[in-house]
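Report on the following structure.
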Amino acid sequence: MNDTEGGDFIRDIIRADLDAGTTQSVVTRFPPEPNGYLHIGHAKSICLNFGVADEFGGVCHLRFDDTNPAKEDIEYIDSIQEDVRWLGFDWGDHLHFASDYFEQLFDWACHLIESGKAYVDDLSADEIRAYRGTLTEPGKNSPHRERSPEENLELFRKMRNGDFPDGARVLRAKIDMSSGNINLRDPILYRILHVAHPRTGDSWNIYPNYDFAHGQSDAIEGVTHSLCTLEFADHRPLYDWLLDNLPAPCHPRQYEFARLNLTYTMLSKRRLMQLVQDGHVNGWNDPRMPTISGLRRRGIPAAAIRDFAQRIGLTKSDSTVEYALLEHCARELLNKTALRRMAVLQPLKVVIENYPEGESEMLDAVNNPEDETAGSRQVPFSRELYIERDDFMEDPPKKFFRLGPGREVRLRYAYFVTCREAIKDDSGNIVELRCTYDPETRGGNSPPDGRKVKATLHWVSAAHAQSAEVRLYDHLFTSENPGAGDNIADDINADSLEILRDCQLEPALADAPMGETLQYERLGYFCPDSDSTPDNLVFNRTVGLRDVWAKIQKQAAK
Ligand code: ATP
Ligand code: MG
């Protein structure tokens, strides 16, 4: 496989390690903390870790960093696995949990204590903070720093036994309180937490911190390249110090890349959780959420997300990607793959006066002009139809080529029709169009006299149509960089969801399978929503047809 050739700095490093023989076989891992649902930022990391493993013939582990039971839940463990699998990746036998290593981590902590490189500290959290110093001032040694290894071991075992309350003591690495890197000022390795763990239950009263679990888990699993986001660069010296001072089976290398930021979006589980809890959205998988489950429900195909991850590439400095690029990836893929259907979102009734009452016929409609193998389907046509309300104007301006009084247009796959009269209700609203059709234009073909029309409209047969609810979405936030101020609520877009009822769909859409995204001709891409019931079909708009990204590119080129 040679799509690694263009590559990026991570792939360059891996290729060099393989060439030099310092790496025999690539092992990566995706290490989520199960404290929320995955978002599109995680997809970048997933595509990178599983992607390089795949490209270089290695393996990628899925490892839960489940070291903070106070915030973690089985629901998240399950959703994360579902999302990674849906994105198209497979961890094989390599499903791991940091909690599987708790016993080993405890032994290693004892090893550090015995070698005089860790100690139990009785300072409170506030005192530890005060002793830590600042970016410009060195920290101060804790008065408990010089405890003997024996005393430390005994206290640490008592911490494990549950002899002390939460927060009474911590285990710290003994490194350097005056280090320029605050992460090296005797970082906390273990804290007391009398909280049941989703997997280990009540067996532990102490839990390791991220820094004493992540690199250690990497080493236990034989990870070769530990890829994480830039905010961990300052932790790398600690990552290395710990592995250098433990009898670890190997010493993986950590590399950092820039995290994904996306316009109109917040990518942080904590803040996404807040949106759910404050009721700004209907759950983690609300189609407006940038979560993998939200994007899936919105109808964005997994392949479009993988394509997006590839296009944004990898860099070592932070930047923000346009949301429109994600939509562009979806649109480009769906244009090739999505079945075309006809649906009328804002129906206006049309009566074809010269079409026989009570009769109907089936017309041939192409499923996907971009894909011959998708074939065609039959669409019913009859005397009463629906067209889109804004495809008619009583007094059309110059550039409006669609239907108006006395005008002729093509109904896609059907006939040329001419509008004879617009019927209004008492308040002057147009409620119905009376039209005639030309039987010689069956299939939407030009008549023998060669007459042409300037517009082709979509339509559905009223008697055969399936009524449905259609949900249209806009950005969840009005700001390109939401949450920059103090209050997230200030940036919320009050019009991010519009619900249309009594939309009229061609009959084939009643059987659209869950998980498939289709094109409503002239309108955009839509998918059935899981809220659908036999009595109320619900569709989501995935994206419209108008390509904002293409416009941005064009402007940039100018
Ligand atoms: P969040 O702030 O959303 O909770 P996190 O980094 O705390 O994110 P983890 O579950 O610890 O979430 O992340 C798992 C992996 O995903 C980490 O390696 C992390 O670097 C990566 N990751 C998280 N957010 C992004 C992002 N926006 N872009 C790229 N990678 C990300
Ligand atoms: Mg986190």
Side-chain angles (χ1 to χ4, degrees), residues 8 10 28-53 60-73 75-81 83-84 87 89 91 96-99 198 208-211 213-215 217-218 221 223 225-236 239 252-277 284 289-295 305-306 308-321 323 325-326 481-483 488:
D8 48 62
I10 299 268
T28 55
R29 84 290 166 267
F30 173 64
E33 183 182 354
N35 61 351
Y37 281 63
L38 297 182
H39 51 64
I40 181 86
H42 294 113
K44 175 176 181 177
S45 175
I46 293 166
C47 291
L48 170 65
N49 280 293
F50 282 92
V52 297
C60 179
H61 300 183
L62 174 60
R63 183 207 313 142
F64 287 96
D65 172 31
D66 55 346
T67 52
N68 186 5
K71 292 203 172 148
E72 295 160 7
D73 201 282
E75 178 192 350
Y76 304 134
I77 293 179
D78 292 343
S79 76
I80 288 170
Q81 293 185 56
D83 290 350
V84 175
L87 273 176
F89 299 107
W91 52 86
H96 302 297
F97 293 85
S99 56
N209 267 9
Y210 169 86
D211 287 311
H214 187 242
S217 305
D218 284 346
E221 292 174 17
V223 166
H225 298 79
S226 182
L227 312 175
C228 52
T229 34
L230 289 176
E231 68 270 26
F232 294 105
D234 286 348
H235 293 242
R236 180 160 24 95
Y239 183 103
R253 293 291 157 194
Q254 175 181 304
Y255 299 96
E256 306 89 21
F257 61 94
R259 60 192 290 119
L260 169 67
N261 302 303
L262 201 57
T263 54
Y264 300 104
T265 306
M266 292 188 316
L267 298 182
S268 145
K269 279 179 278 176
R270 184 177 56 79
R271 303 181 97 180
L272 294 176
M273 168 131 25
Q274 196 185 332
L275 292 175
V276 174
Q277 286 173 346
W284 285 97
M289 287 281 267
T291 50
I292 310 279
S293 51
L295 296 169
I305 297 178
R306 294 196 300 267
F308 172 74
Q310 172 134 33
R311 288 199 211 197
I312 57 178
L314 285 184
T315 61
K316 287 191 236 187
S317 60
D318 276 315
S319 65
T320 301
V321 175
Y323 192 88
L325 177 61
L326 176 61
N481 180 19
I488 292 178

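Just so we're clear, the structure is a prediction, and the values are computed from it rather than from any experiment. All residue numbers in this chain count up from 1 along the given sequence. Whatever order the structure lists ligands and atoms in, that order sets their numbers, starting from 1.
Within the 4.0 Å heavy-atom criterion, neither part of R270 lies near ligand 1.
Each of the following atoms of ligand 1 lies closer than 4.0 Å to a heavy atom of P31: 14 (C), 18 (O). Each of the atoms 19 (C), 20 (O), 29 (C), 30 (N), 31 (C) of ligand 1 lies under 4.0 Å from some heavy atom of T229. Ligand 1 places these atoms under 4.0 Å from at least one heavy atom of S45: 16 (O), 21 (C), 30 (N). Counting atoms of ligand 1 from 1 in the listed order, those under 4.0 Å from a heavy atom of F30 are 14 (C), 15 (C), 16 (O).
With sequence neighbours left out, S79 forms a side chain to side chain donor-acceptor pair (under 3.5 Å) with no residue at all.
Of the possible polar contacts, none joining the R311 side chain to the R306 backbone as a donor-acceptor pair under 3.5 Å is found. The backbone N or O of E33 sits nowhere less than 3.5 Å from a side-chain atom of K71 that would complete a donor-acceptor pair. Of the possible polar contacts, none joining the N209 side chain to the D211 backbone as a donor-acceptor pair under 3.5 Å is found. Of the possible polar contacts, none joining the S99 side chain to the D66 backbone as a donor-acceptor pair under 3.5 Å is found.
Considering backbone and side-chain N/O of F257, none are found under 3.5 Å from N/O of ligand 1. Any N or O atom pair closer than 3.5 Å counts here, and P32 shares no such pair with ligand 1. Looking at E231 next to ligand 1, no N or O pair under 3.5 Å apart turns up. By the 3.5 Å distance cut-off applied to N or O atoms, R29 is not counted among the residues near ligand 1. Polar contact check, K44 against ligand 1: no nitrogen or oxygen pair lies under 3.5 Å apart.
When all heavy atoms are compared, the tightest approach of P290 to L295 is O-CD1, 4.0 Å.
Under a 4.0 angstrom heavy-atom cut-off, R271 registers as lying outside contact with ligand 1.
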Can you list, pair by pair, the side-chain donor-acceptor contacts under 3.5 Å of residues 256-268, counting residues two or more places apart and other chains?
from, atom 1, to, atom 2, distance (Å)
E256, OE1, R236, NH2, 3.1
E256, OE2, R236, NE, 2.7
E256, OE2, Q254, NE2, 3.0
R259, NH1, E231, OE2, 2.8
R259, NH2, L267, O, 3.4
N261, ND2, S319, O, 3.2
T263, OG1, Y323, N, 2.8
T265, OG1, T263, O, 2.9
S268, OG, R270, N, 3.4
S268, OG, R271, N, 3.3

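Distances from atom 22 (N) of ligand 1 to the heavy atoms of K71, M273, H42 put H42 nearest.
Residues H214 and Y210 have side chains that bring a donor and an acceptor to within less than 3.5 angstrom of each other.
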